[in-house]
Amino acid sequence: PHENTAVCSTFNEDGRRLATGSWAGVLRIWDAENGQLVRRIRAHDARIAGVAFSPDSQRLATAGFDRTLKVWNSGTGALVRTIELDEGPATALAVDVNRALTGHRGGAIVLWDLCFRTQQELAMTQLLAMWDRSLINLYASPLRLSEEVVGSMVFSLLRVLAGSSLLVLFARVGFGF
């Protein structure tokens with residue numbers, strides 16, 4: 001049983017798991033066949049407004065009145081991702097394999113691309129790291145700007161050729177091309 005009122009619930013796709021969210025921000029995952037508590041997670045600092053399994057039942061999303069959307073590994077209970085909700089607390093939640101949809105009091109409906117956002121953050125981090133290294137190299141090396149640009153282009157071309165060569169090799173070995 002919940003210490004506080006359960007305010008939202010959902011079954012996973014095959015009906016074997018039930019997830020409930022409480023007024024106190026606690027997420028519980030239950031074995032729907034025998035009613036046993038599988039996992040208890042202190043998910044949010046405020047009421048959980050919505051809970052939803054992904055269709056593959058691998059992830060579980062919760063939306064809280066603490067203005068966050070959280071994605072959990074439904075098997076381990078590990079927090080996968082936290083998204084700050086700019087539109088305020090979510091009042092509705094739906095999830096598919098790669099996206100979440102949140103509804104908000106002011107009428108806003110926001111579609112979150114869970115995979116792309118993670119990839120975008122990773123790409124941006126890598127881009128900034130490269131930019132920092134390039135600026136340091138530009139100011140610390142005795143190369144002229146034109147030499148730096150030509151060197152970068154040649155190195156990029158060599159990387160593309162090396163990668164393509166590996167792909168051709170794998171295609172020939174693996175598929176007989």
Side-chain angles (χ1 to χ4, degrees), residues 1-133 163 166-167 170-171 174-175:
H2 278 267
E3 293 92 30
N4 286 303
T5 305
V7 292
C8 54
S9 61
T10 188
F11 284 97
N12 72 342
E13 193 71 24
D14 65 11
R16 290 191 221 173
R17 292 282 190 251
L18 170 68
T20 58
S22 77
W23 191 266
V26 176
L27 169 67
R28 286 183 175 78
I29 302 173
W30 307 86
D31 184 316
E33 295 173 355
N34 62 24
Q36 294 295 314
L37 180 65
V38 174
R39 184 157 286 106
R40 179 187 187 280
I41 303 167
R42 176 76 174 132
H44 293 271
D45 294 331
R47 175 184 152 201
I48 296 177
V51 58
F53 279 99
S54 62
D56 62 4
S57 298
Q58 297 297 310
R59 290 184 301 272
L60 179 65
T62 57
F65 268 59
D66 59 359
R67 302 173 72 117
T68 61
L69 169 66
K70 295 187 179 185
V71 180
W72 308 89
N73 178 312
S74 62
T76 66
L79 180 62
V80 175
R81 180 147 188 237
T82 300
I83 299 171
E84 299 293 326
L85 300 176
D86 298 330
E87 299 293 330
T91 56
L93 174 66
V95 175
D96 72 6
V97 175
N98 297 318
R99 298 174 296 184
L101 184 72
T102 54
H104 302 269
R105 281 189 181 160
I109 298 173
V110 182
L111 180 65
W112 300 94
D113 192 342
L114 301 176
C115 290
F116 176 74
R117 182 75 177 184
T118 302
Q119 293 167 352
Q120 179 184 9
E121 289 169 2
L122 178 63
M124 193 58 107
T125 302
Q126 290 172 339
L127 180 62
L128 291 174
M130 281 184 0
W131 179 259
D132 288 341
R133 282 194 304 272
L166 284 174
L167 289 176
F170 289 143
F175 301 104

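Any value given below was found using the heavy atoms of this structure, including those in side chains, with hydrogens, waters and symmetry copies removed. Worth saying up front: this structure is predicted, and the values here are computed from it rather than measured.
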Inset, instruction - Calculate, to the nearest 0.5 Å, the distance between atoms CZ and CG belonging to Phe53 and Asn12 respectively. - result: 5.0 Å
Legend entry - side chain to side chain donor-acceptor pair (under 3.5 Å) pairs, two or more places apart, involving residues 45-56: Ser54-Asp56
Inset, instruction - Report yes or no: do Asn98 and Asp96 form a side-chain donor-acceptor pair below 3.5 Å? - result: no
Inset, instruction - Can you establish whether the number of heavy atoms outside Arg105 located under 6.0 Å from its atom CZ is more than 12? - result: no
Legend entry - Heavy-atom donor-acceptor pair, Ser74 side chain to Ser57 backbone, under 3.5 Å: yes
Legend entry - Minimum heavy-atom distance Ala90-Ala63, with the two atoms named: CB-CB, 3.6 Å
Inset, instruction - Considering non-hydrogen atoms only, spot the tightest contact between Gly15 and Ala32 and give its length. - result: O-CB, 3.3 Å
Inset, instruction - First locate atom CG of Asn73, then atom CZ of Arg81, and finally report the distance between them rounded to the nearest 0.5 Å. - result: 15.5 Å
Legend entry - Within-4.5 Å side-chain heavy-atom neighbours: Val38 and Gln36: no
Legend entry - Gap between atom OG1 of Thr20 and atom CD1 of Ile48 - 0.5 Å precision: 8.0 Å
Legend entry - Residue pair Leu60 / Val51, side-chain heavy-atom distance below 4.5 Å: yes
Inset, instruction - Going by the side-chain contact (heavy atoms from CB on, under 4.5 Å) test, name the single residue among Ile83, Val95, Val110 that passes it with Leu69. - result: Ile83
Legend entry - Side-chain donor/acceptor of Thr76 to backbone N/O of Ala78, under 3.5 Å: yes
Legend entry - Validation row: Val80, Trp72 side chains within 4.5 angstrom (heavy atoms): no
Legend entry - Residue pair Leu37, Arg39: steps toward the side-chain contact (heavy atoms from CB on, under 4.5 Å) verdict: CA-CA 6 Å; Leu37 180 65; Arg39 184 157 286 106; over 6 Å; no
Legend entry - Separation between CZ of Arg67 and OG1 of Thr102, rounded to the nearest 0.5 Å: 11.5 Å
Inset, instruction - Spell out, as yes or no, whether a donor-acceptor pair under 3.5 Å connects the side chain of Thr91 to the backbone of Gly103. - result: yes
Inset, instruction - Could you check if a side-chain atom of Leu101 sits within less than 4.5 angstrom of a side-chain atom of Trp112, using non-hydrogen atoms only? - result: no
Legend entry - Close side-chain approach of Arg16 to Glu33, heavy-atom, < 4.5 Å: yes
Legend entry - Interatomic spacing from CH2 in Trp30 to CZ in Phe11 - rounded to 0.5 Å: 12.0 Å
Inset, instruction - Please determine if Arg17 and Asp31 form a salt bridge, counting it only when a charged side-chain N lies under 4.0 Å from a carboxylate O. - result: yes
Inset, instruction - Would you please say whether a donor-acceptor pair under 3.5 Å links the side chains of Thr68 and His44? - result: yes
Inset, instruction - Find the distance between CD1 (Ile29) and CG (Leu18) and round it off to the nearest 0.5 Å. - result: 10.0 Å
